[in-house]
Structure formats: structure tokens, C-alpha cells
Amino acid sequence: MDFHLKKRARNEIKVEVVSLETKYPHNVMIYNYPPIDDIQIEEFEDLALERLRLLRIFDHAGAKGLRLLSDDWKEYVNAELSREGLRNYLRLCTTSGANATGAKHEADIQTRRRDYLSHFILRLAYCRSEDLTRWFIGREMEYFKYKFSALSGPEIKQFLEANNFHFQPLTESQKDEIKDGLYESTAGQSVTKIELLDFYKVPFTQVLDLVRGRRCYLNAGYAYVNTHDLVSIVGTKQQDEIEQGLQAAKLLIDDVEADERIARMLKALHTSYTGKDYTVSREIAVPIESLDQLSKTSMPLCMRVCHEHIRTQHHIKHGGRMQYGLFLKGIGVTLEDSIRFWRDEFSKKMDVDKFTRSYEYNIHHNYGKKGSMVNYSPYSCLKIIKEMAAPGDCHGCPYKALDQTTLKSKLTSYSLSPSACEEIMYFVSRGHYQFACGKYFMLTHNSQTEVAINHPNTYFEESQNLMGNRQKRNPSSQASQAKSKIHQNLIKGHADRSMLMGQDDDELWRIAESQERAYQSQKGISEAFDDDLDLTEIVD
RNA sequence: GGCGGC
DNA sequence: GCCGCCAACATA
Ligand code: SF4
């Protein structure tokens with residue numbers, strides 16, 4: 001795997017198609033020879049992301065429970081491929097027989113090249129941990145099988161020759177000679193199907209699994225397998241190749257990462273989720289000690305309710321754990337803090353290792369540290385509102401889930417004036433929950449400007465901005481210093497002079513007011529949360 | 001909470 | 001009973 005990376009732009013960008021055709025002779029290729037192309041760093045990165053988008057599609061298809069290569073599966077995958085702008089790969093997967101024998105379109109050859117290179121690039125990113133390689137191999141094999149399954153008879157033949165598989169399809173007369181054997185011993189195919197299928201004569205040692213399962217006809221040391229079984233033979237070859245490649249890549253990784261840019265890219269790759277990514281908050285880590293504060297000043301009602309529920313009940317049902325847990329991640333609570341937070345609360349009602357056993361994995365998973373390593377974004381309002389309130393415990397969006405009288409009393413208990421309540425209830429009664437939420441925001445921040453809420457984390461950030469924790473695009477060293485200072489003051493519940501430097505007047509007002517309110521509301525917190533705990537049976 | 005494995 | 005794995009998706 002030696003890529004020669006050239007930062008210098010090349011004059012002859014366009015490589016000759018003729019040579020490419022011979023280099024990448026087939027839509028489906030065994031990834032056995034590491035490419036020795038010169039490649040620019042931009043393309044390197046581009047290819048990496050492209051491959052990632054490709055493999056994620058197979059990932060999602062599997063996750064939806066669609067059976068590999070079933071019609072539903074294909075329909076989904078094809079749709080996603082074109083939606084993701086990967087139509088060229090779609091062609092590799094579906095273009096077969098009919099037009100394959102004639103002249104190839106140049107674009108297809110280029111795609112083969114991208115296919116080949118991008119695979120090897122991703123090896124570098126996915127060789128570094130068990131979890132990653134397992135995922136990578138799984139998706140690659142699904143992709144491979146899809147491509148292979150689309151091949152026509154002649155193409156399969158061509159593929160086998162190109163890759164030194166010495167199998168040939170039986171001629172009609174050969175097939176005729178052993179047709180009784182085939183009918184009798186070929187698993188999973190009807191007689192009429194067998195008439196149509198191509199069969200291959202292979203040394204039985206290559207298909208021991210089929211032989212052992214008595215799934216194919218066996219004669220004189222040769223097994224006779226149909227096209228479908230061929231996928232598994234060829235596939236294991238491909239898989240071996242990839243597995244070995246990953247091992248090899250692991251050894252070469254330091255070499256490749258000598259370039260700082262490459263190193264950073266490769267390490268970040270599996271986290272750099274394609275499309276928009278709001279999964280990692282840009283903020284300075286939010287300490288869990290400040291959550292009580294924040295729940296009162298900056299969290300939307302749905303999250304505030306969750307938080308208080310957890311603090312008083314020391315437990316919350318699954319839906320709430322997802323909703324609030326992801327939200328916390330979104331506002332900048334670190335994984336470690338998050339675990340600490342849940343553990344501290346939950347362990348008041350259950351022993352600690354019971355907690356560890358049943359909840360810790362999920363928290364890791366939500367942070368993208370387990371399994372497929374997907375870093376999930378926090379729930380949006382739509383999602384939360386759609387979720388119907390579970391009878392037992394958590395609530396989705398309080399404006400929707402709570403009935404009007406309990407909602408109103410909840411609001412007044414949060415010290416909102418009766419008239420303020422009415423303003424909110426107006427929207428609630430019309431089913432405009434997000435407007436109600438926006439109204440709540442205005443009232444609690446005494447802001448004049450209308451705000452449309454469609455994501456709890458937006459609500460939070462909006463609130464933080466208004467309170468003086470404004471984030472800078474480029475966190476210069478002094479800006480972030482100022483911010484962390486504000487941060488600490490927020491924890492203590494009041495502002496000091498230095499944090500107000502450089503703000504204009506009405507911002508000062510707003511800050512002063514909201515800080516004051518935060519301070520006031522904090523005073524009640526300790527006794528409010530200090531309840532006598534009742535040990536009711538925990539049911540998730 | 002669902003699915004899956006022993 | 002133990003365990004692993006999943007879900008999501010706003011924003012300027
Ligand atoms: S509107 Fe959105 S943010 Fe506001 S409470 Fe409902 S779900 Fe939470």
C-alpha cells in the first residue's frame with residue numbers, strides 16, 4: 001500500500017483511458033494488488049469520503065432489517081445510491097449483460113478506478129481497531145456481493161479468468177451428462193431453475209462448506225456448483241484478501257501518516273459523518289455540576305422536565321434516557337461526565353454495577369463509541385413531539401403530552417405569571433407546540449424577538465448566546481478564556497465585572513437579568529431536589 | 001424501548 | 001439470567 005502523494009498539481013490530470021481499461025478490466029474486482037498510483041491529497045480525501053458514503057448505505061440497509069440482495073434491499077440501496085450522488089456506483093452494481101460486452105463508457109472505467117482506490121484508502125482508516133475492521137469488512141462484502149450478483153454469464157466467466165479462478169461453466173452437453181446428479185443434489189433450486197443456471201466444475205476442496213452440507217453434486221473429486229454458490233467461493237477469496245490487507249495496513253500506517261494532513265484525516269474519518277453533523281458540540285465541555293442551573297435557565301421544557309424527573313426519581317425510562325442523554329451530548333457534556341451524571345443519580349436506587357451492566361453500554365453507544373460507531377444527533381422537536389408519552393414515566397414534548405391543567409400548573413410552579421401562562425396556553429390549545437415553546441423562551445429570557453424552535457439544542461444554544469455565553473466562530477485564545485470564565489461564573493450563579501467587558505448596553509441588561517434570575521432560581525434548587533426517596537420497583 | 005445472541 | 005447493538009438528522 002504505497003500511495004505516492006503529490007501535493008504539486010499535475011499537468012496531465014487526465015489519465016489515459018486505455019491504460020485504465022487494462023488496469024481495471026472489470027466492474028467487479030478482487031482487491032488484491034495495492035494501487036501504486038500517484039494521487040493528489042484532495043482526491044485522496046474525496047475518495048475516502050465517497051467510499052464512506054457508499055458503505056454507510058449498506059450499513060443502513062442492513063440495519064433496517066432488509067435481507068441482503070432481496071428486492072426490498074435492492075430497491076432501498078439503489079434509491080440511496082442515487083440520492084447520495086453515487087449513481088456511478090449504481091451503474092457498477094446494476095449494469096450487466098445487455099450492454100456490457102460492447103464498448104465501455106469512459107465514465108464507468110473511471111468509476112472502477114475510484115472504486116478500487118477508495119477501497120484501499122479506507123483500509124488505512126479502518127485497520128486501527130477491532131470494531132472498525134469488523135464493520136468495514138462486513139459492508140465491503142455486502143457491496144461486493146451486490147456487484148457480483150449483477151454480473152451476466154459472460155461477465156462472470158471473464159471475471160473468473162481475470163482473477164485466476166480456474167472454473168469454467170459446463171457446456172450444455174457436459175451439463176446434460178450429469179443432469180441427474182444435479183437435479184438430485186443441488187440445494188435450493190428447482191429443476192426448471194437448474195436447466196437455466198450455469199454450473200461450474202470446481203475442485204471439491206474449494207467448496208468444503210457446500211460439500212459438508214451436501215448442498216451440491218459431487219463427482220470424481222469435483223463439485224458442481226451454480227452461479228449463486230459461486231458468490232460464496234469468490235467472496236471468501238475477496239474477504240481473505242481484505243482481511244490480510246487490513247493486517248498489512250496496520251503495519252504501514254505509521255508510514256502513511258507521516259503526512260500530518262493524512263494522519264488527521266484518517267483518524268477523524270469514521271467520526272466525520274457525511275452530511276450535516278451536529279453531533280459534536282463546538283462548545284467547551286459543560287460540567288454536569290452546572291446542569292441544575294442550566295435546566296432552569298437554558299433548557300427547553302421537555303429537557304427541564306427530564307432533568308428534574310431524574311433528580312427526584314433517580315431514574316427515567318428508556319425514551320427519556322435517549323431524549324435527554326443525546327441532548328446532553330449535544331450541549332457539550334463529555335462522555336465521562338455523562339456516565340458520571342447518570343451513575344450518580346441511578347445508583348441511588350440500584351447498586352452501581354447493576355447500573356454499569358445495564359446502562360453504560362448505551363451511553364457509550366450514543367456517543368458513537370460502540371458498535372457501528374455512529375455518533376447520533378440529538379432528537380429534534382418533530383421527533384420528540386411525534387413520540388407519544390409513555391404512560392409510566394418520561395414525556396416527549398410537555399406541551400403536547402401533558403394535559404392542559406397539569407401543564408398550566410407546571411408553568412406557574414416555574415414562576416411564570418398567569419398572563420404569561422395564558423400566552424403559552426393559547427398556542428398549546430391550537431396544537432402549535434413549537435410556538436408555545438418559543439413563547440416560553442421569550443418569556444423566560446424576556447426577549448422581544450420571536451424565536452421559532454425546532455430543535456431543543458438550538459433552544460439551548462440560543463439561550464446561551466442571549467445570556468452572554470456567546471460563541472465565537474474562531475475560538476481565539478482570549479475569547480475562550482473569557483468564555484470559560486463566564487462558565488465558572490455561571491456555575492456560581494452570578495456575573496462579575498470582567499465578563500461584561502465589551503458588551504453593548506442592552507446586552508448588559510439582558511445578561512444582568514438572566515444571571516439574576518438564574519441566581520434566584522438556584523436558591524430553591526437544593527431543597528427542591530432533596531426529597532425522600534421511595535423505592536418503587538424500577539421498570540424500564 | 002426494540003432486535004439479536006448464549 | 002447474562003450479553004451486544006440500534007435509534008438521529010436542526011443551523012447560519
Ligand atoms: S417544542 Fe421542542 S424544544 Fe420545546 S419542549 Fe417541545 S420538544 Fe422540547
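Every chain is numbered from 1 and lettered A, B, ... according to where its sequence line falls, protein lines coming before strand lines.
- For Pro378(A), whose side chain is taken as the heavy atoms from C-beta onward, the closest listed nucleotide among dA10(C), dA8(C), dA7(C) is dA10(C).
- Protein atom CE of Met322(A) is 13 Å distant from nucleotide atom C1' of dC9(C), rounded to whole Å.
- Phosphate contact (OP1/OP2 of dC6(C), side-chain N/O of Asn366(A), threshold under 4.0 Å): absent.
- The pair Arg139(A)-Glu142(A) meets the salt-bridge criterion, since a charged nitrogen lies less than 4.0 angstrom from a carboxylate oxygen.
- A cation-pi arrangement is present between Arg304(A) and Tyr414(A), with the terminal nitrogen or guanidinium carbon under 6.0 Å from the aromatic centre and inside a 45° cone about the axis.
- Distance, Lys383(A) NZ to dA7(C) C1': 6 Å, rounded to whole Å.
- For the pair Asn457(A) CG and dA10(C) P, the interatomic distance rounds to 11 Å; values are reported in whole Å.
- Considering only side-chain atoms of Lys370(A), the nucleotide from dA10(C), dC5(C), dC6(C) that sits closest is dC5(C).
- Protein atom CZ of Phe327(A) is 13 Å distant from nucleotide atom C1' of dA10(C), rounded to whole Å.
- Under a 4.0 Å N-O distance rule, the pair Glu80(A)/Arg56(A) does not qualify as a salt bridge.
- Between Ser372(A) and dC5(C) there is no side-chain N or O to OP1 or OP2 distance below 4.0 Å.
- Using a 4.0 Å cut-off between charged side-chain N and carboxylate O, Glu387(A) and Lys400(A) make no salt bridge.
- For the contact set between residues 353-363 of chain A and DNA chain C, defined by any heavy atom under 4.0 Å, the members are Arg357(A), Tyr361(A), Asn362(A).
- In this structure, of dA7(C), dC5(C), dT11(C), it is dC5(C) that holds the atom nearest to the side chain of Arg134(A).
- Distance NE2 (His455(A)) to C1' (dA8(C)): 8 Å, rounded to an integer number of Å.
- At the phosphate of dC6(C), OP1 or OP2 sits under 4.0 Å from a side-chain N or O atom of His365(A).
- Atom CG in Leu326(A) sits roughly 9 Å away from atom P in dC9(C) (whole-Å rounding).
- Rounded to an integer number of Å, the gap from OH of Tyr376(A) to C1' of dA7(C) is 5 Å.
- Within the 4.0 angstrom heavy-atom criterion, only backbone atoms of the sugar-phosphate kind lie near Gly371(A); the bases stay farther away.
- At a threshold of 4.0 Å, the pair Arg340(A)-Glu336(A) does not count as salt-bridged, since none of the basic side-chain nitrogens sits closer than that to a carboxylate oxygen.
- For the pair Lys147(A) and Phe144(A), the cation does not sit on the ring face, since its NZ or CZ is not both under 6.0 Å from the ring centre and inside 45° of the axis.
- Between Glu360(A) and Arg343(A) there is a salt bridge, with a side-chain nitrogen of the basic residue lying less than 4.0 Å from a carboxylate oxygen of the acidic one.
- For Ile331(A) and dA10(C), the CD1 to C1' distance is 16 Å, given to the nearest whole Å.
- A donor-acceptor contact under 3.5 Å is formed by the side chain of His318(A) with the base of dA7(C).
- Contacts of Ser380(A) with the nucleic acid, taken as non-hydrogen atoms under 4.0 Å apart, involve only primed sugar atoms and P, OP1 or OP2.
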